[in-house]
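In what follows, chains carry the letters A, B, and so on, assigned in the order in which the sequence lines appear, proteins first and then strands, with residues in each chain numbered from 1.
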Amino acid sequence: MAHKSPSPLYAQIYALIRQVPPGYVTTYGQIGKLLGCTARTVGFALSALPSGSDVPWQRVINSQGRVSPRTDGEGNLLQKDLLEAEGLCFDCNLWVDLAVYGWSFPERDDLLL
DNA sequence: TTTATGACCCAAC
DNA sequence: CGTTGGGCCATAA
């Protein structure tokens with residue numbers, strides 16, 4: 001099997017985001033803390049996400065509850081559109097309520113469920 | 001090995 | 001309340 005992995009940490013980040021159900025969003029700091037790394041690393045992992053990935057990177061936003069102003073500029077608009085399609089409600093300017101849509105990852109023990 | 005960058009976060013004024 | 005600066009970790013060259 002594949003002995004060469006791009007980065008075990010990346011796989012973890014992608015796995016967590018993949019577990020996020022539609023209609024909910026998470027923050028970089030949350031994932032970073034769960035994985036033991038800083039939010040910067042999480043953002044970097046998303047930046048390395050290839051097109052057509054099964055990872056709903058759009059559900060990942062910053063702690064401020066806002067979409068990340070990607071280097072592209074239009075990417076943030078696309079993310080807003082995607083999140084809106086999920087059923088989220090944006091505020092006056094790409095503001096979302098983490099208290100309502102903030103998704104909490106399941107505990108390692110509860111993961112068994 | 002070191003340098004430079006990055007879709008961040010937090011604290012302070 | 002809005003803005004500014006510094007720090008942190010990981011990747012690629």
Worksheet, complete the sentence: Scoring nucleotides 7-13 of chain B by protein non-hydrogen atoms under 4.0 Å (B base, S sugar-phosphate only, - none) yields BBS----
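Remark: the backbone N or O of A:Gln58 is paired with a side-chain donor or acceptor of A:Gln79 at under 3.5 angstrom. A distance-only check finds no donor-acceptor pair linking the side chain of A:Tyr28 to the backbone of A:Thr38 [under 3.5 Å]. Here the side chain of A:Gln19 pairs a donor or acceptor atom with the backbone of A:Ala15 at under 3.5 angstrom.
For residues 36-62 of chain A, every residue pair satisfying the salt bridge (charged side-chain N to carboxylate O under 4.0 Å, His left out) rule, not counting sequence neighbours, is listed here: A:Arg59-A:Glu86.
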Item to complete: Test side chain to side chain contact (heavy atoms under 4.5 Å, CB included) on A:Val60 and A:Val20 and set out the steps.
Response: CA-CA 9 Å; A:Val60 184; A:Val20 177; over 6 Å; no
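Between the CG atom of A:Asn76 and the P atom of B:dG6 there is a distance of 17 Å, rounded to whole Å.
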